[in-house]
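Let me begin by presenting the structure, written as structure tokens, before commenting on it.
The basis for the numbers below is simple: all heavy atoms, side chains too, and nothing from hydrogens, waters or symmetry mates. Convention: sequence-line order gives letters A, B, ...; per-chain numbering from 1.
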Protein chains: 2
Amino acid sequence: MPRGRESWKQQPWWYGRFRGCGYRLTVPREVILGVLSKTSGHLSAEDIYLAVHKVYPAIGLTTIYRTLELLVQMGLVFKFNFGDKRARYELAEGSKGIRHHHHLVCTHCGKVMDYTDFIDEEVELLNQIEKGLSKKFNFKITNHLIQFYGLCEKCQEK
Amino acid sequence: MPRGRESWKQQPWWYGRFRGCGYRLTVPREVILGVLSKTSGHLSAEDIYLAVHKVYPAIGLTTIYRTLELLVQMGLVFKFNFGDKRARYELAEGSKGIRHHHHLVCTHCGKVMDYTDFIDEEVELLNQIEKGLSKKFNFKITNHLIQFYGLCEKCQEK
DNA sequence: GATATTAATGAAAATGGTTTCTATTAACAA
DNA sequence: TTGTTAATAGAAACCATTTTCATTAATATC
Ligand SMILES: [Mn+2]
Ligand SMILES: [Mn+2]
Ligand SMILES: [Zn+2]
Ligand SMILES: [Zn+2]
């Protein structure tokens with residue numbers, strides 16, 4: 001497989017982020033980012049392991065966890081908890097043109113849906129809240145989590 | 001200890017909820033609700049176990065978990081995940097005059113703070129979102145989770 | 001108040017996602 | 001090409017939570 005490192009190939013968008021932090025560009029890291037880039041879903045560590053395993057059977061589950069932790073810490077990947085008890089991961093907004101979004105979680109079947117609606121209104125409220133809370137509590141907000149729980153179309157029918 | 005069941009004592013607000021569902025009023029359930037009523041913090045199952053254990057050493061951790069699950073399912077208690085890996089519990093809004101609120105979580109020291117600011121504005125936005133999403137996705141929202149992550153006053157100083 | 005029914009409990013064991021340990025491998029600077 | 005050391009694989013450990021099952025006690029009935 002073309003590693004792209006020494007070649008003509010255009011380097012992916014994340015190369016600079018790694019080099020800048022002094023992290024090495026390894027096959028597992030590339031492959032895991034590749035898997036995350038190719039899906040629109042919210043994958044668990046095991047999901048990613050299985051996808052990776054098909055092509056690179058030598059890459060172990062431990063490395064999946066370690067790499068995901070690194071990617072989260074670098075801000076390239078978001079880690080979520082949707083109520084099933086495994087962590088779930090997706091590429092962060094900005095990377096690869098992904099829009100800022102939140103999630104609808106069906107409490108009956110576990111389905112997770114992205115939505116990007118009302119983001120403008122949300123950002124407005126969030127700015128207001130951020131200002132207010134940083135003044136009141138002297139708390140510096142860096143991130144937020146918004147999720148809606150309920151019943152999806154199919155689960156309402158029953 | 002006064003159980004209050006057969007006595008002069010005014011029955012706590014949750015008694016009706018149990019009877020209505022056909023659940024028995026047991027000592028562990030009373031004691032656990034008692035612990036949750038007396039704190040303003042966000043307790044883990046183990047926190048609750050230790051508090052209960054001081055007064056009723058016979059009550060086991062398993063019962064704490066089972067009871068919390070029941071209380072969550074009954075809507076008397078909320079279950080949260082703040083990033084340390086244990087679930088955390090607090091009495092639901094409404095019970096005992098607790099106001100609707102969300103949380104600020106310090107990603108450095110783990111401190112969790114309640115805030116009740118901007119709830120009116122939030123409710124307005126949430127209604128808008130709920131209408132929009134239920135129309136677009138035919139998703140019936142029953143609940144929402146909002147958390148802010150960042151640095152608390154103390155952790156900013158470092 | 002005594003008794004029967006069965007939901008609820010406690011202790012121990014199992015579960016399962018995640019982390020740690022350690023010897024080995026490979027990225028990359030020189 | 002070589003040396004340094006970060007990164008990896010696999011096995012074992014971890015640990016919050018759940019399951020199992022024999023025992024207890026809450027409630028309804030007498
Ligand atoms: Mn998403
Ligand atoms: Mn709270
Ligand atoms: Zn559903
Ligand atoms: Zn802090």
[X] vs [N]: side-chain N/O to OP1/OP2 distance below 4.0 Å:
X       : N      : answer
B/Tyr65 : D/dT17 : yes
B/Thr26 : C/dT9  : yes
B/Arg19 : D/dA28 : yes
B/Lys85 : C/dT19 : yes

When the ring planes of B/Tyr49 and B/His53 are compared, do they come out parallel, tilted or perpendicular, using 30° and 60° as the limits? tilted

What is the ring orientation for B/His103 with B/Phe82, classed by angle as parallel under 30°, tilted 30 to 60°, or perpendicular over 60°?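 Correct class here is perpendicular.
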
So, B/His144 versus A/His102, ring centres under 6.0 angstrom or not?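 Between B/His144 and A/His102, the centre distance exceeds or equals 6.0 Å.
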
Applying a strict under-4.5 Å side-chain criterion to I, L, V, M, F, W and Y, I'd like to know whether A/Leu43 and A/Val55 cluster together.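 Result: yes, single cluster for both.
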
Look at the side chain of B/Thr62 and the base of C/dG10, then say whether one donor and one acceptor between them are separated by less than 3.5 Å.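 When only heavy-atom distances are counted, B/Thr62 does not reach the base of C/dG10 through any donor-acceptor pair under 3.5 Å.
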
Rounded interatomic separation in angstrom, taking CZ from B/Arg66 and C1' from D/dT19: 10 Å

Just compare [options] and give me whichever is closest to any side-chain atom of [X].
X       : options               : result
B/Ala87 : C/dT9, D/dT17, C/dA8  : D/dT17
B/Leu25 : D/dT17, C/dA8, D/dT27 : D/dT27
B/Arg29 : C/dT18, D/dA7, C/dT9  : C/dT9

